[in-house]
Amino acid sequence: IGNSAENTKIDAGGDSGLLDRVLQVHSGVIAEISKLTITGGYITTDQSGDGGAIINSGGQLKIDQVSISDNHARFHGGGIYSDAQSKTTLVNSLLLNNIATADGGGIYNQNQSDFYVINSTVSSNKSYYLGGGILNLGSFMLVNSTIVNNRADADLNNSGTGGGLWNFNHSSTTFTALNTILAGNFVGTGNTANDVANKNLEAESTNNVIGDAATAGGLINGMNANIVGVNINDVLDTVLRDNGGGDDDARSGIVFSRH
């Protein structure tokens, strides 16, 4: 437990540092981290290549008031990789500027794994293939969160999709969004909008704002209080600003402000 995300930082040094992730949670372990910044994780092929900052390998992990930024995975999960039989909860936190050379720039959630994102922001993450912000093969829930300005196929080889999120098309895979903004995400290096790809969101998804109507994950404007097909600049100030805030909020100083 740190003092705050602004004042307590774990920096692995990037590609000139430790050449390793910052944290691994092993099977059966119950862990919580809070009030700190994790940055500079750089996981290579020799170390499995998954989870640039954090890998949950079958444990229960709560991440509260944490900024996870500028980490890199050789394969999956630039910020966080949640393996099978894991439970991961991200609350009051920020995932920013993480990169996966393969899938899941911000988060990669494996099959038979549960992932919850609550009151958090996933922004400006990149994957070279699928799921710029999030890739899900298991069970995933977004609550009161913002998924914006993430990018799939960031290397522009025309082989990726799911700028905001990519959801695996299988009967056991679920993705539910509640009171969440999913907008202003892209595919490729240009301005091609791409918020949700592959399998649709669950029908229970309500009170969301989705930017691109063509990639809205099956949500329809006006149904279940969802708003679909909006300009990102009409609902968000998309410039990261120092807005102050208390020490107990990892997003203070790096937040999106709703108009």
Side-chain angles (χ1 to χ4, degrees), residues 78-80 90-98 100 103-109 115-127 130-154 160-169 173-188 191-240 251 255-259:
I80 304 170
L90 182 76
V91 58
N92 301 322
S93 293
L94 174 73
L95 269 170
L96 177 71
N97 288 336
N98 301 287
D103 308 312
I107 297 168
Y108 188 106
N109 188 45
F115 209 114
Y116 303 87
V117 175
I118 304 167
N119 298 330
S120 296
T121 295
V122 179
S123 176
S124 303
N125 302 284
K126 297 178 182 180
S127 69
L130 304 173
I134 300 166
L135 185 139
N136 177 52
L137 291 90
S139 175
F140 208 108
M141 179 170 284
L142 289 171
V143 182
N144 298 329
S145 293
T146 300
I147 315 299
V148 64
N149 199 35
N150 301 285
R151 190 175 296 273
D153 189 25
T161 188
L165 68 92
W166 188 92
N167 193 29
F168 183 54
N169 191 7
T173 302
T174 63
F175 202 117
T176 304
L178 304 172
N179 306 318
T180 286
I181 296 174
L182 239 169
N185 300 285
F186 306 98
V187 63
N191 295 316
T192 301
N194 195 257
D195 290 321
V196 181
N198 212 32
K199 185 180 180 181
N200 285 343
L201 303 178
E202 296 300 303
E204 295 80 8
S205 297
T206 59
N207 295 294
N208 300 293
V209 175
I210 311 294
D212 182 41
T215 59
L219 302 188
I220 298 173
N221 188 46
M223 291 187 63
N224 295 325
N226 292 304
I227 301 172
V228 176
V230 298
N231 187 318
I232 181 65
N233 296 306
D234 292 337
V235 295
L236 285 178
D237 178 356
T238 56
V239 178
L240 289 170
R251 296 171 298 160
V255 300
F256 283 93
S257 300
R258 296 172 189 249
H259 292 308

(message) Using side chain to side chain contact (heavy atoms under 4.5 Å, CB included), reason through Leu142 and Val122 one step at a time and then give a plain yes or no.
(response) CA-CA 11 Å; Leu142 289 171; Val122 179; 5.7 Å; no
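Minimum interatomic distance between Gly188 and Arg151 (heavy atoms only, all atoms of both residues): O-NH1, 2.6 Å. Residues Gly78 and Ala100 share a closest heavy-atom pair of N-CB, 3.7 Å. Summarising the geometry of Ser93 relative to Ser120, their closest heavy-atom pair is N-OG, 3.0 Å, with the distance given to 0.1 Å.
Taking the side chain to side chain contact (heavy atoms under 4.5 Å, CB included) definition, one finds that Ile220 meets it with Met223, sequence neighbours left out. Under the rule for a side chain to side chain contact (heavy atoms under 4.5 Å, CB included), the partners of Asn221 that lie at least two apart in sequence or sit in another chain are Ile227, Val228. A search for side chain to side chain contact (heavy atoms under 4.5 Å, CB included) contacts involving Thr206 returns Leu178, Asn224, not counting sequence neighbours. For the side-chain hydrogen bond (donor to acceptor under 3.5 Å, both in side chains) test, no residue two or more places apart in sequence or in another chain qualifies with Thr176. Remark: Asn194 pairs with Thr161 by the side-chain hydrogen bond (donor to acceptor under 3.5 Å, both in side chains) rule, at least two apart or across chains. Every side chain to side chain contact (heavy atoms under 4.5 Å, CB included) that Ala193 has, sequence neighbours left out, goes to Asp212. Residues passing the side-chain hydrogen bond (donor to acceptor under 3.5 Å, both in side chains) test with Asn125, sequence neighbours excluded: Asn98, Asn150. Taking the side-chain hydrogen bond (donor to acceptor under 3.5 Å, both in side chains) definition, one finds that Asn226 meets it with Asn208, sequence neighbours left out. Qualifying ring-ring contact (aromatic ring centres under 6.0 Å, His included) partners for Phe140, counting only residues two or more places apart in sequence or in other chains: Phe115, Phe175.
Under the 3.5 Å distance criterion, with hydrogens and angles disregarded, a donor-acceptor pair is assigned to the side chains of Ser124 and Asn149. Using modelled atom types, one finds a donor on one side chain and an acceptor on the other under 3.5 Å when comparing Asn109 with Asn136.
One finds the CG atom of Leu165 at 7.5 Å from the CD1 atom of Ile147 (value rounded to the nearest 0.5 Å). Between the CG atom in Asn185 and the OG1 atom in Thr215 there is a gap of 8.5 Å [rounded to 0.5 Å]. Taking OG1 from Thr180 and CG from Asn119, the interatomic distance works out to 9.0 Å, rounded to the nearest 0.5 Å. Note that the CD atom of Glu202 and the CG atom of Asn167 stand 7.5 Å from one another [nearest 0.5 Å]. Within the model, atoms CD1 of Ile107 and CD1 of Ile80 stand 5.0 Å from one another, a figure rounded to the nearest 0.5 Å. Atom CG in Asn198 sits 4.5 Å away from atom CH2 in Trp166 (nearest 0.5 Å).
No donor-acceptor pair under 3.5 Å is formed between the side chain of Ser127 and the backbone N or O of Asp103. With Ser123 contributing its side chain and Leu96 its backbone, the two residues share no donor-acceptor pair below 3.5 Å.
With contacts defined as side-chain heavy-atom distances shorter than 4.5 Å, the pair Tyr116/Val91 does not qualify.
No more than 12 heavy atoms of other residues, nucleotides or ligands lie within 6.0 Å of CG in Asn191, so this atom counts as exposed by the packing criterion.
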